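Taking it in order: structure first as structure tokens, then the write-up.
Counting convention: from 1, in listed order, for ligands and their atoms alike. Keep in mind that this is a model prediction, so the values were computed, not measured.
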Amino acid sequence: MNVDVTAGAVAVVGGGVIGLSVAWRLAESGYRVVLVDPAPRSGGSWVAGGMLAPVTESWPGEEEVLALGSASLARWPDFAERLRAAGGDPGLRTEGTLAVALDSADAETLAVLADHLRELGREVERLSGRQLRALEPGLGSRVRSGLHVPGDLAVDTRETLRALHAAAAGAGVEFVTVAARSVGPNVVELADESTVECAVVVITAGAWSGGLHPGLAGLVRPVKGEILRLRARPGALPVPTRTIRAHVESRPVYLVPRESGELVLGATQHEVGFDTEVTAASVLDLLRDAQQVLPGIGEYALTETAAGLRAGSPDNLPIIGVLEPGVLVATGHHRNGLLLAPVTAEAVLSILRAEELPAAVRAADPSRLRGVPALPSPAGGPR
Ligand code: GLY
């Protein structure tokens, strides 16, 4: 595809972290950009924890996800710097991540991850419970072992989204706050029966992408994540310095500290269609597991419960590339939307300019999914 900046507008459909990053990057590069979303910077991105964690998210068999995540993480410091100058501070935290285990089965899970990373030439440091508590004194006495991963970072999700929205507006992106109903070459059909005519469409609608274009039907599915926000009250133990990830009786949980004293505690993972209600059982599970890791949170204020929808793909890699002439896609980022925003925005720009893509991005091309059996579509439609 070679889309000259004079060819007409680029319509970006979906205003989460991926859509806003794409829109900003294209507008900065001279394209006229129209972003279509009834409520930009809401949805799954608004709820997300903000971990930039390709290593602690990795697992044997998902080497391409790790390669793409690492390529994007390497771009984050520059992305954050440019965002600070253009829209606001995304709150990039560089203190790193601890992955900890409470029982022997949890420790075995971490040992599998450490061995896998060593085979890939990535060293992670194994630490005892005592060594972990020396780094993070708030860790509970049941934490028995873990890994220190200094390169897995975090951002403040909501500050990032505010900054991206401001940067995109500042670069000239026009916002159309109406839901998209469907997408075809050179056109976006809107829920109010109007249309956006354009030179090219980029689908960045996360979990809702599957309902917008037949080429994505059944390939992108909503994966519900419930997440809590807490705040250290006066007299309570301060929030940890690093992101803490844990397996508690095989259930994953993470705690992401914010500069402000907020602690983001996530997240469940349920395949229940477009349901975004938080259940009492999920809140119980998250709090009980997190309190075993960081007992002091019992004294914290519980300030928010929320649920968001990740955009799952069949192989956990995103779907980035050309669906048909005039229609690009950048969706299916599943657990890694914040992490993958910089590399995705660069990739979309490169595709429009007919530039060669790095191998890690080529692995995410939609053509790999041809012939993958489509899932039945879950209840709920495009927003
Ligand atoms: N990135 C963590 C999650 O999706 O819960």
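- Note on residues 229-242: pairs passing side chain to side chain donor-acceptor pair (under 3.5 Å), not counting sequence neighbours, are E136-R242.
- Using cut-offs of 30° and 60° for the angle between ring planes, the W208 and F274 rings count as tilted.
- The 12-atom threshold is exceeded at CZ of R362, counting heavy atoms of other residues, nucleotides or ligands nearer than 6.0 Å.
- Distances between N or O atoms of R310 and those of ligand 1 include at least one value under 3.5 Å.
- Near A267, with a cut-off below 4.0 Å to any heavy atom, the atoms of ligand 1 are 5 (O).
- In this structure, Q269 does not count as a contact residue of ligand 1, since none of its heavy atoms falls inside 4.0 Å of the ligand.
- At the shortest separation from atom 1 (N) of ligand 1 among protein heavy atoms lies R335 O, 2.6 Å.
- Note on R368 versus D315: salt bridge recorded, some NZ/NE/NH1/NH2 to OD/OE distance being below 4.0 Å.
- Taking every non-hydrogen atom of M51 and a distance limit under 4.0 Å, the qualifying atoms of ligand 1 come out as 2 (C).
- Between Y254 and ligand 1, an N or O atom pair is found at a separation short of 3.5 Å.
- Only the side chain of E57 comes within 4.0 Å of ligand 1, counting heavy atoms alone; its backbone N, CA, C and O stay farther away.
- In summary, R118 and D115 engage in a salt bridge, as defined by a charged side-chain N under 4.0 Å from a carboxylate O.
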Enumerate, atom names and distances included, each donor-acceptor pair closer than 3.5 Å involving a side-chain atom of residues 350-357, sequence neighbours excluded.
| from | atom 1 | to | atom 2 | distance (Å) |
| --- | --- | --- | --- | --- |
| S350 | OG | E346 | O | 3.1 |
| S350 | OG | E355 | OE1 | 3.2 |

